[in-house]
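Values below: all heavy atoms of this structure, side chains included; hydrogens, waters and symmetry mates excluded.
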Amino acid sequence: MTTVDPVTYEVIRHKLWSINSEGGTTVEHVSGSPVVHATDYNFGIYTASGEMAIIGTYLLTPIYTGAMAIEVFLDRYTDIEPGDVFIVNDPYLAAMHQNDVQFCKPVFRDGEIVAWLGCMAHQVDLGGMDPGSWCTTATDVFQEGIRIPPGRIVRKDVLNQELWDTIVLNSRMHDTVANDFRAFLAGLRVAEQRFHELCDRYGAAAVQATMAKTLDNSEADLRAMLRELPDGVYEHTSYLDRPDGGDGIELLQVPCRLEKTGDRIVFDFSGASPQSPAYGMTTRGGLLGAVATLMLCTFGSDIPWNHGLMRPVEVTAPDGLCVTAVEPMPVSGGAAGANWTATCSAGGAIAKMLSFSEKYESHAFGPSDGSWQLNQFGGVDQHGEPFASMYMDSLLWGGPAFSFRDGVDAGGAMVILSGGATDVEQQEMRHPLLYLWRRTVADSGGAGTYRGGNGIQFALTPIDTAEVTGVLGTHGVTLPNRTGIFGGLPGSCARFERVTGAGPLAHLGAGHPVSALSELDGDHQVLPGVAPAARIAHGDVFECTVQNGGGYGDPLLRDPAKVAADVESGAVSHDAAGRLYGVVVGDEEGTKHLRERIRSRRRSRMIAPASQATTTVGAPTGIWGASLTIHGGVASCRHCGHVLGDLAGGWEAIAGRVPLGADDLGSRVDVHGDLAAVAYVCPECVTALWVDVEPAAGKTWRDFALRA
């Protein structure tokens, strides 16, 4: 096997990153799609066997499906030749949903495949029953747009024109889709040329050896990190809420059981709710992509991110669940439905595991991507032509808090690290919708010792058209997916609102700016989380408010000076400063007394621990985040030192429980009637150690169970 000296290795490794970036940039520049320009695409370099060697920082969830696609191509075709380009969008094989079309190209040297190049992007429409092909009322996959099996879009450098035309002409936006496909081919061509130049300079064997080594190094580094963490089982449950077909909201549960043994981790989703013919189901590819995204983003800050970070990982779940849907279940919403909920569950479990290490607790964060709020509008544009466009503003949600810093306001998405919101002027130029505002929302991040980041809301009104139809879809409307950790409160819930007959253009024409829905007359309506045909007529206003990051640590422990600064900047309201943080701005004594009163109210409502506290403990042997000091099999409060008791029956049994009502939570947090918000507190100092959103009948999982 070829070996590469350290200097050459680093040169080639960084050149591969440059090649990948150039390929991705080419796609973005050639494409005219506003979705691509908002970075809902990605580009990757894969090994000859299909493992991810270099991955762009754009839409991450589908990039793992590129590896799955290459595996399918290699399995199905024995006549792969230079100049071939393969295509697939079949969500049951290697895609998130049909809109995510993947192109993959083998790179040959001396008659052998030495690498693969892959790119994908969300297509604005592929002919589903609803414009944009996010089909919220589909009952089977056949209503969701054209499904492309694994095949060649280019054969020996000759375009398969028949296949190209069949796909493109099934789209309402055929020019945009065709241009995206041209962008794919351009990006692949540029990257292949640069790859050959690299091989010409250093030799194909050295380039392949570098790719292999970087994967091996990442795998070795992750396994070494895992060996430093305690063996055990870590659990977290998130929920997918959606209309039940009547007037209610049903909940699907997506629990994750993470088992860590030595240098290996297993994510088990076997307890997830069964699949159903409704919006939000995801396939196994979506589940694997969700876990891969989480692994890359959690560990990739320390370790070069590539397929090596997935080698120690196993993801298990039987077919037929909401996270492993099988044909013919509809899955167009799965790209931002059950798979995102799985990311929340897995992310919570990983945070609990990492927080047993003082070295790695800074890596822990609460669920990062709570929900993607689909805002797909279609109709007739200002030029009299049909249009369909997905608004990407929902990417500007607030980030989660960490053990050492606040979440970033409008910080963007983990799932698209380099992503950005749709450009306002570009959208207004292309489509008949005028922005009234796009702004961050005070108090929308979860309160905490470190607060979650605030996110945005934006409002639109039709202009130069009679009406548009909105296809709206999200979850996290009746519960916060983005829970806090170690006593931090959850971030705000998602929300769609509409005011009909508001006449905002008349206000503007009269010289009166509109800054809030409350300033408008008309019929005010909160729209359901899944609204397949939301009519937005001329004179109406539509507003979307996103979910936001959870806090870290008890809000009563936040530095009052930071709260005062947040109030001054408008990030936190005076009401939240007092109600959630116990801070009277500018009054040190008033703050002290208010916090004492809040603690006293907690104590009066506290349900005593189920287990008797142990009176003696040994020397500390570790920690669990900001909450617990571990003494072998016994825990004490990390804040006051009070001995809580034996961990054998679960730490939850040795903590006090305080049911939380609306006054205890952020003003934009709702909790479904089947669930309850509960603070687990130290029975001595009543500091919040963890806040859960759990079944009203009681928690059905344990946060952790360590092995000796």
Side-chain angles (χ1 to χ4, degrees), residues 348 351 364-368 370 397-411 440-455 476 479-493 545-585 591-592 594-599 601-602 605 625-627 639 658-671 677-682 685-693:
F365 53 88
S368 180
W397 52 70
F402 287 75
S403 64
F404 61 95
R405 68 163 174 83
D406 293 344
V408 179
D409 292 338
T440 56
V441 180
D443 301 333
S444 57
T449 308
Y450 295 97
R451 67 170 178 85
N454 290 331
L479 63 102
N481 297 107
R482 305 194 63 188
T483 49
I485 58 178
F486 297 106
L489 294 179
S492 62
C493 293
T545 307
V546 303
Q547 282 199 70
N548 295 294
Y552 185 105
D554 190 330
L556 296 184
L557 299 179
R558 185 167 177 82
D559 182 350
K562 291 184 177 180
V563 177
D566 283 340
V567 171
E568 183 177 1
S569 70
V572 172
S573 67
H574 278 279
D575 171 69
R579 184 166 53 86
L580 303 181
Y581 293 99
V583 170
V584 181
V585 176
T591 294
K592 178 181 177 181
L594 179 55
R595 287 183 165 181
E596 287 174 353
R597 289 199 300 273
I598 293 174
R599 289 184 183 277
R601 288 199 299 270
R602 281 185 190 173
R605 295 154 55 199
S627 295
H639 300 282
V658 179
L660 302 180
D663 289 342
D664 305 302
L665 301 168
S667 59
R668 296 177 179 272
V669 175
D670 293 315
V671 179
V678 176
Y680 289 80
V681 304
C682 169
C685 66
V686 293
T687 298
L689 306 178
W690 195 273
V691 174
D692 254 324
V693 177

Please step through side chain to side chain contact (heavy atoms under 4.5 Å, CB included) for the pair Leu479 and Val671, ending with a clear verdict.
-> CA-CA 5 Å; Leu479 63 102; Val671 179; 5.8 Å; no
Which atoms form the tightest heavy-atom contact between [X] and [Y], and what is the distance?
| X | Y | value |
| --- | --- | --- |
| Ala577 | Val567 | CB-CG2, 3.8 Å |
| Val691 | Gly487 | CG2-O, 3.8 Å |
| Asp554 | Ala688 | OD2-N, 2.8 Å |
| Arg602 | Val686 | NH1-O, 2.8 Å |
| Arg558 | Arg595 | O-NH2, 2.7 Å |
| Pro367 | Pro400 | O-CB, 4.4 Å |

Answer with yes or no after comparing the ring centroid distance for Tyr552 and Phe402 against a 6.0 Å cut-off, counting only values under it.
-> no
Within the side chain of [X], is there an N or O that forms a donor-acceptor pair under 3.5 Å with the backbone of [Y]?
| X | Y | value |
| --- | --- | --- |
| Thr591 | Val583 | no |
| Arg579 | Leu665 | yes |
| Asn548 | Ser492 | no |
| Gln547 | Asn481 | yes |
| Asn454 | Ser444 | yes |
| His639 | Ala626 | yes |

From CA spacing to verdict: side chain to side chain contact (heavy atoms under 4.5 Å, CB included), Tyr680, Asp692 = CA-CA 8 Å; Tyr680 289 80; Asp692 254 324; 4.1 Å; yes
Say you draw a straight line from CG of Leu556 to CG of Leu580; how long is it, rounded to the nearest 0.5 Å?
->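 If we round to the nearest 0.5 Å, Leu556:CG and Leu580:CG are 9.0 Å apart.
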Roughly how far apart are Tyr450 OH and Leu557 CG, rounded to 0.5 Å?
->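 Nearest 0.5 Å value for the OH-CG distance: 10.5 Å.
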Check: Asp443/Ser573 side-chain N/O donor and acceptor closer than 3.5 Å =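 Looking only at side-chain atoms, Ser573 and Asp443 do form a donor-acceptor pair, the distance falling under 3.5 Å.
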Between the side chains of Thr687 and Arg599, does any donor sit under 3.5 Å from an acceptor?
->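 Yes, a side-chain donor-acceptor pair sits under 3.5 Å.
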Less than 4.0 Å between a side-chain N and a carboxylate O, is that true for Arg605 and Asp664?
-> yes
Beyond-backbone contact of Ile485 with Trp690, side-chain heavy atoms, under 4.5 angstrom =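 Of all side-chain heavy-atom pairs linking Trp690 with Ile485, at least one is under 4.5 Å.
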Are side-chain heavy atoms of Tyr581 and Val572 found at a separation under 4.5 Å?
->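 Tyr581 vs Val572: side chains touch.
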Criterion side chain to side chain contact (heavy atoms under 4.5 Å, CB included) against Arg451, the qualifying member of Leu489, Val563, Asp409 |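 The side chain to side chain contact (heavy atoms under 4.5 Å, CB included) with Arg451 is passed solely by Asp409 among Leu489, Val563, Asp409.
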